[in-house]
**Q** 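Just dropping this structure here.
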Amino acid sequence: MRQMLARLLTIAHPDDEYQQRGRAVVVLSLGMIAMALLFVVVVLCFQPNPETSLKLVVLAITIFGTAIILARRGLVDLAAWGMLGFTLVGPFVAMLSTPVVGTAPLTLVFAILIASMVVRSWQIWLVLAAALLGLLLTVMLLAAWSYTPNEIETTVLVAALIMLPMVALISYLSASETQRERAALRREIAERLHVEHALLQAKDAAESANRAKSAFLAHMSHELRMPLTAILGYTNLLAWQAEQQGAESFLSDLGVIESSGKHLLNLINNVLDLSKIEAGKLDLLLETFDVATMLNQLVASVQPLVGKNRNHLVIDCSPDIGIMYADQTKVRQILINMLSNASKYTEQGVITIAAQPECTDEHDWVVFHVSDTGIGIPPEAISQLFQTFKRVVDPPNAPKYDGAGLGLALSQHICRIMGGNITVQSTLNVGTTFSIRLPRRVAQPVAELV
Ligand code: ADP
């Protein structure tokens, strides 16, 4: 029972406006109590018989104190009407003992101002009606006492009669306007919440579709890789047998099968890697290796590729390049991607692979630059270069270049997983430089950084 009562008294109204009015009641009541205390001082100084006034002040402090407690307990309406009732009736009670005609009309105007803050907008009219009634009572009391108000008191009475409806109207309009604004704000918030909810749902749907796509790609790539590996193995075997049996005429055809198969395998591997990255499942095999040795081995393996378009390959490895701790296979994969692009988009030019150490903000980096003197990339295409399946449109009157637009995106993803990144600088018809910046000591990724 006690618990129920406590809950009933402390329950907060769900309406935000209600709570605001509650705060207004508290602030105004505190102000009224302060005024009442000031009044005590004034009364004690100037009034010879202050008994009634002091009683009224004690009553005021009790009523406004109760209003504060009620408002804090969530009973805002009760608190508001209590304080209003006192503001409306108090002056007349005071007038019964000492007729101070001037204070009553002024207090009524004050009551309406308070009403505009603590009651709902339409209720201001109720307060006005009570105030006008109070005014009528004042006049009737004065007549009953055969009291003739002096000039100032008459002016105050007439002014109050004009001011009361005006103050009520202004209070009503401003309170309604505030309520309208609040309602509009509430509607807007509701709409935004609705949109946010829809967006979250769309995001969830897109993410689950993406996961399904990644799973499908991973599965398909795996299924395609197995027969393709068998095709490549048997092509090698057939080439060996053709050589043994002197059937040289088959060798060139078998060579075509093998190179096409390898190309296809490379593509499938890229798709598989990409789906692993998207699913956050790409693991790094970290090891310590000598950068210069890795570069020399790499250059030997890409020589045939570079020579295809009669390009010349230059290695520029800084003598203090040293060792690094990273996934060597992935670093090689990125560099081969860059070198194969440089070879593809350059003819009879120079391709340079450089490696140099770099120290910034206490971080130790190894930076590889792969430069070519090829066709270059138009400036407007550079921002989209690292997007998946994005290819730069082949320039008119230029040979058509094949490719799936996967290599750069994949390289950038892998590089980021290792804590580095790839940047590019290019001038159309002059050449391109890709800079691959990797930490000298790569850390195992905590989460996917794509
Ligand atoms: P692709 O398999 O099409 O080469 P990439 O992701 O490796 O896919 O490259 C994306 C695009 O970037 C290519 O289509 C090409 O237009 C452009 N590109 C990449 N490297 C170079 C380069 N060295 N010179 C000129 N263009 C390049």
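Numbering of residues begins at 1 and proceeds along the displayed sequence. Order of appearance sets the numbers: ligands from 1, and atoms from 1 within every ligand.
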**Q** Quick check on F386 - does any of its heavy atoms sit under 4.0 Å from an atom of ligand 1?
**A**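 F386 does not count as a contact of ligand 1 under the 4.0 Å cut-off.
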
**Q** Is the count of non-hydrogen atoms from other residues, nucleotides or ligands lying under 6.0 Å from W240 atom CH2 greater than 12?
**A**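 Not buried by this count: 12 neighbours or fewer within 6.0 Å.
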
**Q** Ligand 1 and L408, any nitrogen or oxygen pair closer than 3.5 angstrom?
**A**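 By distance alone, the answer is yes.
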
**Q** For ligand 1, note which part of K344 has a heavy atom under 4.0 Å away: side chain, backbone, both or neither.
**A**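 For K344, only side-chain atoms sit under 4.0 Å from ligand 1.
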
**Q** For ligand 1, which is the ligand I care about here, please tell me if L385 has any N or O atom under 3.5 Å from one of the ligand's N or O atoms.
**A**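 Looking only at distances, the answer is no, because the N/O contact criterion of under 3.5 Å is not met.
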
**Q** Find all atoms of ligand 1 within a distance of less than 4.0 Å from any non-hydrogen atom belonging to I377, and give their numbers and elements.
**A**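 Going through ligand 1 atom by atom, the ones under 4.0 Å from I377 are 25 (C), 26 (N), 27 (C).
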
**Q** Hey, is E258 close enough to K262 for a salt bridge, meaning N to O under 4.0 Å?
**A**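 Yes, E258 and K262 are salt-bridged.
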
**Q** Take V366 and I321 through the side-chain contact (heavy atoms from CB on, under 4.5 Å) test and state the conclusion after the steps.
**A** CA-CA 7 Å; V366 174; I321 190 70; 3.8 Å; yes

**Q** Please work out which of N266, N341, T432, D372 has its closest non-hydrogen atom nearest to atom 23 (N) of ligand 1.
**A**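 Result: the heavy atom closest to atom 23 (N) of ligand 1 is in D372.
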
**Q** Distance under 4.0 Å to a non-hydrogen atom of G376: what atoms of ligand 1 satisfy this?
**A**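 What qualifies from ligand 1 is 25 (C).
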
**Q** Taking NZ, NE, NH1 and NH2 as the nitrogens, is one of them in K203 or E207 under 4.0 Å from a carboxylate oxygen of the other?
**A**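 Salt bridge: yes.
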
**Q** Numbering the atoms of ligand 1 from 1, which are under 4.0 Å from a heavy atom of L406?
**A**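 Within the 4.0 Å cut-off of L406, ligand 1 contributes 6 (O), 8 (O).
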
**Q** With sequence neighbours excluded, tell me which residues meet side chain to side chain donor-acceptor pair (under 3.5 Å) with T373.
**A**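 With neighbours one apart ignored, the set is empty.
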
**Q** Restricting to side chain to side chain donor-acceptor pair (under 3.5 Å), what partner residues turn up for Q303, sequence neighbours left out?
**A**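 Counting only residues at least two positions away or on another chain, Q303 forms no side chain to side chain donor-acceptor pair (under 3.5 Å).
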
